[in-house]
2 protein chains.
Amino acid sequence: MATGRTHRPATRSRGIPEATVARLPLYLRALTALSERSVPTVSSEELAAAAGVNSAKLRKDFSYLGSYGTRGVGYDVEYLVYQISRELGLTQDWPVVIVGIGNLGAALANYGGFASRGFRVAALIDADPAMAGKPVAGIPVQHSDDLEKIIQDNGVSIGVIATPAGAAQAVCDRLVAAGVTSILNFAPTVLTVPDGVDVRKVDLSIELQILAFHEQRKAGEDAAHSDGTGPAAVTREESDASADQGPDGDVPAVMPA
Amino acid sequence: MATGRTHRPATRSRGIPEATVARLPLYLRALTALSERSVPTVSSEELAAAAGVNSAKLRKDFSYLGSYGTRGVGYDVEYLVYQISRELGLTQDWPVVIVGIGNLGAALANYGGFASRGFRVAALIDADPAMAGKPVAGIPVQHSDDLEKIIQDNGVSIGVIATPAGAAQAVCDRLVAAGVTSILNFAPTVLTVPDGVDVRKVDLSIELQILAFHEQRKAGEDAAHSDGTGPAAVTREESDASADQGPDGDVPAVMPA
DNA sequence: CCATCTTTGTGCACGCGTTCACAAAGACAT
DNA sequence: ATGTCTTTGTGAACGCGTGCACAAAGATGG
């Protein structure tokens, strides 16, 4: 998963396992599709197939919600949509700020999936004065000087960081100080936050690297196992050869490095 | 984690646990930063702090690589960078195609992190004829009619899907048929692929929903524990959690997908 | 050469998550 | 009512991942 939690001792949140929480949105999406097709009930088997999971797992997940299925019939689609929505807190309004309106920030601002689930883009914030006032996705960009005020005025508790890596921690600190307690981080950095603050990260580069690893394995099964040897001597002399193309530690880019 | 694997029975890839593979890019990033500062060696403790993980975990991770640290000293930064890069397959060139050049696709195309790690954007593909030829991030967009040819001509094995949900599965099928064996999916859909094809997904909406869940819990600790109402038959112990606000108990709770 | 000190590499135990497999529950037909 | 058939809910076993804690390895100094 492109995502990874930061910290958090795998604490069960009120009896609901983290792994289950992470799947609820998946179920919700599948259920919503069924709902739109006016399907009244669905079996664990069908729903599991739609969500791409094991049916036993799905049943156990629902059992944590104290779910109500009917044996011999299945689950009531509408009811389940409502229950999961409520459990996830989607029945309320979540004002969100996006900090860093570059390519990615703009893409996020335009992303329809936000609004459709109770998430409302309350403000777009960027450090570039030239951006101030410029509308993106119909919302005028505000300067980061006003970050604290914006957070407080809008009662924002969820912040999205889409800045370059170098700015992320500073932005994060300011968000937290202003009252934000949940952060979705797109910058390729490890963020340090106080207890009580949740951070989730989305890291494109990491995802690609994981794919590359598996891809290499697949390819390597037939062909080359020739390079292999890691000559012990390699250490020093190789330094420039092995050398990575420097650029990436301080990525100027807007996305995860 | 913004990411989630699809399928895959938690298979160990050549003895290296999945969880470890997922952390290697993190270590690599931290190491690259050290390398740029010309730090010669680093202890597991220091590196673990930089990567935001437990030091014992880090040492165990490296031990799977047959890693070479020096007791009493630590790890040689350059050597480790080289080893991890090689293990992840980053020493070779990975041509990548991005399908769906909307806001997100464009952001991805502009993402600098691609090039810096051996990933090369070989082509941008979109279904809109109006986009064809138009350059994005310096690369001309090509029409999806030519998808198969593009994949084959460039020897692409990794594809990025940034299309609307509705188009994702069809695009996925075509990519796979054309020879792509690793897919990074940004579309909010569960993709079905044949065995041997890896799919990783990045799902914004899911990440936000998970944050909302925890946010709700944090907020709910002070406030509402007042639900009380015990309407309709309560199946299990905790079931009260699911039953509440009588008035809209069976309301469709319209929630767009 | 020996002693001491640092840091790695790992054996071990524990807990979460997954999956199987089945009994209990209810729908439905007779 | 009673029996049959479907599908849920869950007990139990297993495997992966995590973190502690320590012995082994090597550097360093006398």
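Throughout, protein chains are lettered first and strands after them, A, B, ... in sequence-line order, and every chain is numbered starting at 1.
Not one side-chain nitrogen or oxygen of B:Tyr68 sits closer than 4.0 Å to the OP1 or OP2 atom of D:dA25. The phosphate of C:dT7 (OP1 or OP2) has no side-chain N or O of B:Ser44 nearer than 4.0 angstrom. Under 4.0 angstrom from either OP1 or OP2 of D:dC20 there lies at least one side-chain N or O belonging to B:Asn54.
Regarding B:Lys57, its NZ atom lies at a distance of 17 Å from the P atom of C:dT8, rounded to whole Å. In this structure, B:Glu46 atom CD and C:dT7 atom P are separated by 8 Å, rounded to whole Å. Remark: C1' of C:dG17 and CZ of A:Arg23 are 8 Å apart, rounded to the nearest angstrom. A:Glu18 places its CD atom 16 Å from the C1' atom of C:dT18, with the value rounded to the nearest Å. Following rounding to the nearest Å, A:Asp61 (CG) and C:dT18 (P) show an atom-to-atom distance of 7 Å. Atom CD of B:Glu45 and atom C1' of D:dA21 are 13 Å apart (whole Å). In this structure, B:Asp76 atom CG and C:dT7 atom P are separated by 16 Å, rounded to whole Å. Look at CG on A:Leu58: it is 15 Å from C1' on C:dG17, rounded to the nearest Å.
Along DNA chain D, the nucleotide nearest to B:Arg71 and the one nearest to A:Ala56 differ in position, and the one closer to the 5' end is contacted by A:Ala56. Mapping A:Ala19 and B:Gly72 onto DNA chain C by nearest heavy atom places B:Gly72 at the nucleotide closer to the 5' end.
Distance CD1/B:Ile158 to CD1/B:Ile183: 10.5 Å, rounded to 0.5 Å.
Nearest heavy-atom pair across B:Cys172 and B:Val193 is SG-CG1, 3.5 Å.
The side chain of B:Arg59 lies closest to C:dG9 when the candidates are C:dG9, D:dG19, D:dG26. The side chain of B:Tyr75 lies closest to C:dG9, out of D:dG19, C:dG9, D:dT18. Of the candidate nucleotides C:dT18, D:dT18, D:dT8, C:dT18 has the atom lying nearest to any side-chain atom of A:Lys60. In the set D:dG17, C:dA27, D:dG19, C:dA27 carries the atom at the smallest distance from any side-chain atom of A:Val73.
Residue pairs meeting the ring pair (Phe, Tyr, Trp, His ring centres under 6.0 Å) criterion with at least one partner in residues 31-55 of chain B, sequence neighbours excluded, are absent.
A salt bridge is absent between A:Arg217 and B:Asp198: the closest approach of a Lys/Arg side-chain nitrogen to an acidic carboxylate oxygen does not fall below 4.0 angstrom.
With hydrogens and angles ignored, the 3.5 Å screen pairs a side-chain donor or acceptor of A:Gln169 with a backbone N or O of A:Thr192.
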